[in-house]
Structure formats: C-alpha cells, structure tokens
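Data first, discussion second: the structure below is written as structure tokens.
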Amino acid sequence: MDSYKVWITKTDGLSDLIMAIQQEEINQLNSEFRNATLIEVLAYVLDRFQDNVILASSLGLEDQILTHFVQRHSKKARIMVLDTLRLNQETYDLLKQMQEEYQVTYEIYYPNNDAVEALVSTKGTHSFYESIENRKECCHIRKIEPLTRVLKTVDAWITGLRKDQSVTRQDMALFEYDQTHKILKVNPLIHWDYETVRDVIKAEKIPYNALHDQGYPSIGCEPCTRAVKEGEDIRAGRWWWEAADQKECGLHSNKDKKS
Ligand code: SF4
C-alpha cells in the first residue's frame with residue numbers, strides 16, 4: 001500500500017483524474033483491511049498520517065475504545081474534543097478523569113464566542129426545540145464550525161461511528177473520502193455492534209461516562225440527550241422530538257459521498 005502515495009488533500013477543484021485515483025485507493029484500502037483488527041487499522045492510519053490525522057472524540061463508549069487503543073499505539077497521537085458548552089457534568093467529569101488518570105492530552109475546541117452570543121441573544125438558550133432549522137443552526141455553531149476549523153489541519157480523521165447507531169449511517173464504510181472536508185475519513189468500528197462495544201469497555205477496563213449506567217446509550221449535549229427505556233432504539237434518546245432520518249448534527253454529513 002505504500003506505493004499508493006497519491007493522497008492529495010486540502011485542494012479544492014481536484015481534477016477528475018486525481019479524484020478517481022483517490023477513490024481507487026479508498027476501494028483498495030477497504031478491500032485490504034476488510035478483515036483487519038481494530039489495532040491493525042489504527043496502526044496503519046496513525047503511522048501513515050502521523051500529525052496529519054486526528055481522532056474526534058465525543059467521549060462516548062466508542063470513542064473511549066478508540067482513545068484507549070490510539071494512546072496505546074502512540075502517546076503523541078492527536079485526539080480532539082468539541083466542547084459545545086452544553087455537555088453534561090458527567091461528560092466533563094470523564095474528560096477530567098481521562099486527562100488526569102489516563103494522561104490524555106486532548107485538543108479541546110470551542111464554538112466561536114461571537115456566534116454563540118448572537119444565537120442566544122436573538123433566539124434564547126433553547127431555540128433548538130422549536131424547529132429542525134433552529135436545531136441545525138445550534139449544531140452548526142457549536143459543533144460543525146469548530147470541527148471544520150480543526151479538520152483543516154489534517155489529511156485524515158478517525159471516528160467512532162457504527163452502522164447500527166442510526167438509519168443515516170447504513171451506507172458508511174471503513175475508509176471513505178469525506179467530500180465535505182476533502183480528507184480521508186476512517187471509521188474503524190463501523191461494523192461493531194453495541195454488545196461488542198460494551199464487552200471491550202469491560203474487558204479493557206476503559207473509563208466511561210457514568211450516564212451510560214443510567215440508561216443513556218448515546219450521549220451528546222445535555223439538553224438534547226435523555227435516557228431511553230428498555231427495548232427502545234439506542235438513538236431514541238438523542239433529539240427525541242425529531243424523526244429518525246433527521247437525527248444527525250451534521251458532523252458526519254458527506255455530500256456527494258462516493259464510498
Ligand atoms: Fe445545540 Fe443540541 Fe446540537 Fe448541542 S446537540 S449543538 S445543544 S442543538
């Protein structure tokens with residue numbers, strides 16, 4: 001795979017030929033790593049991209065597993081957290097635990113202060129409950145803009161996405177070309193199920209958010225997350241007032257996705 005050194009990023013207006021070569025590489029990566037372990041995928045990506053790859057962590061179960069194995073491979077690997085300023089106290093507690101006990105040096109990114117002030121001043125503190133447009137506006141200010149800012153510094157990012165988390169994630173692959181940010185997107189847990197995630201957290205004794213033991217399978221911002229009942233879908237606690245096919249904050253939208 002080292003002979004494939006054609007990864008060209010951060011270049012708007014890529015020619016069709018270069019796009020085709022990149023897509024060919026992604027197809028080859030997906031084929032080559034089809035049966036690879038999590039550790040093998042992470043080792044390849046971290047060694048290949050070094051400072052130019054970042055793990056985007058929400059401190060959820062999946063990202064805790066990735067953080068654990070990324071740190072094991074390299075203490076210098078870049079790991080980022082978006083602090084939307086609306087996280088649960090339990091999430092901040094876990095962040096502190098990871099920084100102090102696990103010695104993780106997170107890059108922590110905040111929303112643009114002027115944008116948050118303008119939003120709250122004009123629409124109040126809970127406008128996201130009023131319409132999908134308002135909710136997406138809040139997610140854009142608090143999540144997408146800061147993520148976009150940091151992804152401009154890398155050629156690849158690692159996510160904890162899994163297919164069975166959402167109907168909107170069914171066509172995702174292990175390696176994808178992120179059309180929105182024009183970089184490589186790596187989803188090492190894409191085929192994992194929730195039981196495997198819980199098993200690995202337990203087996204490896206990885207710290208996790210205390211809310212997971214209080215009925216929260218998926219945790220985002222405090223006002224937009226709630227516990228689910230027995231038998232409910234794991235995404236039922238996120239943006240519960242919206243239809244299932246609307247439940248994405250936009251962090252993982254991939255316009256014109258080809259893989
Ligand atoms: Fe705003 Fe809710 Fe989106 Fe957080 S999840 S950014 S509070 S709308």
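Indexing begins at 1, ligand by ligand and atom by atom, following the structure's order.
With distances taken over non-hydrogen atoms, the option nearest atom 5 (S) of ligand 1 out of Trp239, Phe128, Tyr129 is Trp239.
Cluster partners of Val120, by chain and number: Val116, Leu119, Ile141. The rule joins Ile, Leu, Val, Met, Phe, Trp and Tyr whenever side-chain heavy atoms lie under 4.5 Å apart. Hydrophobic cluster membership of Leu211, counting Ile, Leu, Val, Met, Phe, Trp and Tyr whose side-chain heavy atoms lie under 4.5 Å apart directly or via other members: Tyr216, Ile219.
Among the atoms of Cys139, an N, O or S atom is found under 2.8 Å from atom 3 (Fe) of ligand 1.
The structure places CZ of Arg142 at 5.5 Å from CZ of Arg86, a figure rounded to the nearest 0.5 Å. Atom NZ of Lys205 and atom NE2 of His68 lie 10.5 Å apart (nearest 0.5 Å).
Less than 4.0 angstrom separates some heavy atom of Cys224 from each of these atoms of ligand 1: 2 (Fe), 5 (S), 7 (S), 8 (S). Per-residue contacts place Arg142 under 4.0 angstrom from the following atoms of ligand 1 (heavy atoms of the residue considered): 1 (Fe), 6 (S).
Residue-level proximity to ligand 1 for Arg135 is carried by backbone and side chain together, each with a heavy atom below 4.0 angstrom.
Looking only at side-chain heavy atoms (C-beta outward), Phe128 and Cys139 stay at 4.5 Å or farther from each other.
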